[in-house]
Amino acid sequence: ALGLADQVGSLTPGKRADIILVRTTDVNMLPFTIPANMIVQAAQPCNVDTVIVDGRFLKHAGKLTTIDMARLARDSADTIERARKAAKEGAGKGINELFTR
């Protein structure tokens with residue numbers, strides 16, 4: 001209907017593909033019965049083993065492949081520290097004073 005049949009719609013060399021592989025052996029997926037029901041009713045993000053988008057692995061063997069988790073942890077901690085410091089500095093000030101620097 002969209003005129004993309006030459007690019008998508010089947011797993012064929014040369015076509016674009018997004019694939020998600022879900023582990024069906026995890027305890028929350030047992031007993032694995034009707035696949036569509038199990039994915040909708042029981043699967044959780046932790047069950048996702050592999051994600052391939054347009055031929056790129058974004059998650060493989062349960063690990064994110066495109067995100068530097070150590071850097072994300074550092075950046076998150078730095079952001080929390082800056083927010084705490086700003087909150088401490090802003091204690092007792094009106095809302096307008098905090099957001100008009």
Side-chain angles (χ1 to χ4, degrees):
L2 296 174
L4 299 173
D6 60 329
Q7 297 174 30
V8 299
S10 64
L11 295 178
T12 306
K15 287 191 177 182
R16 300 175 69 181
D18 297 348
I19 302 169
I20 298 174
L21 303 177
V22 177
R23 277 187 313 280
T24 59
T25 55
D26 292 347
V27 70
N28 65 306
M29 299 293 285
L30 298 175
F32 192 77
T33 54
I34 303 168
N37 290 355
M38 295 302 294
I39 296 298
V40 170
Q41 296 175 354
Q44 299 292 318
C46 63
N47 301 120
V48 176
D49 182 79
T50 301
V51 176
I52 305 169
V53 175
D54 205 11
R56 291 181 43 224
F57 279 82
L58 302 183
K59 187 173 186 179
H60 183 65
K63 305 275 189 221
L64 298 173
T65 62
T66 60
I67 297 174
D68 181 346
M69 293 303 290
R71 180 177 177 189
L72 180 61
R74 284 191 312 272
D75 290 350
S76 299
D78 291 346
T79 299
I80 294 283
E81 188 56 36
R82 283 195 315 273
R84 285 183 178 148
K85 184 177 179 183
K88 187 175 181 181
E89 290 173 1
K93 293 183 180 179
I95 191 79
N96 290 333
E97 291 177 277
L98 289 175
F99 293 103
T100 56
R101 292 186 201 192

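No hydrogens, no waters, no symmetry mates; every other heavy atom, side chains included, goes into these values. Note that the structure is predicted; figures quoted are calculated from it, not measured. For the single chain, residues carry numbers from 1 onward in sequence order.
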Keeping [X] on the side-chain end and [Y] on the backbone end, is there a donor-acceptor pair under 3.5 Å?
| X | Y | value |
| --- | --- | --- |
| Thr24 | Phe32 | no |
| Asp18 | Asp54 | yes |
| Asn47 | Val22 | no |

Criterion side-chain contact (heavy atoms from CB on, under 4.5 Å) on Thr66 and Arg56, from CA distance to verdict: CA-CA 10 Å; Thr66 60; Arg56 291 181 43 224; 3.6 Å; yes

Atom pairs and distances, donor-acceptor, side-chain atoms in residues 3-12, under 3.5 Å, two or more places apart:
unit_1 : atom_1 : unit_2 : atom_2 : d
Ser10  : OG     : Thr12  : OG1    : 2.7
Ser10  : OG     : Lys15  : NZ     : 3.1

Which atom of Lys59 lies closest to which atom of Asp49, heavy atoms considered: CG-O, 3.8 Å

same_hphob_cluster(Val51, Ile67) at 4.5 Å side-chain heavy-atom cutoff: no

ILVMFWY cluster, Leu64 and Phe57 together (side-chain gap under 4.5 Å): no

CG on Asn28 to OG1 on Thr25, rounded to 0.5 Å: 10.0 Å

Derivation of the side-chain contact (heavy atoms from CB on, under 4.5 Å) call for His60 and Thr50: CA-CA 4 Å; His60 183 65; Thr50 301; 3.9 Å; yes

Could you give the side-chain donor-acceptor pairs of residues 70-80 under 3.5 Å, partners two or more places apart or in another chain?
unit_1 : atom_1 : unit_2 : atom_2 : d
Ser76  : OG     : Leu72  : O      : 2.8
Thr79  : OG1    : Asp75  : O      : 2.9
Thr79  : OG1    : Arg82  : NH2    : 3.4

Heavy atoms of other groups near Ile20 CD1, more than 12 under 6.0 Å: no

Step-by-step side-chain contact (heavy atoms from CB on, under 4.5 Å) determination, Met29 to Ile39: CA-CA 8 Å; Met29 299 293 285; Ile39 296 298; 4.2 Å; yes

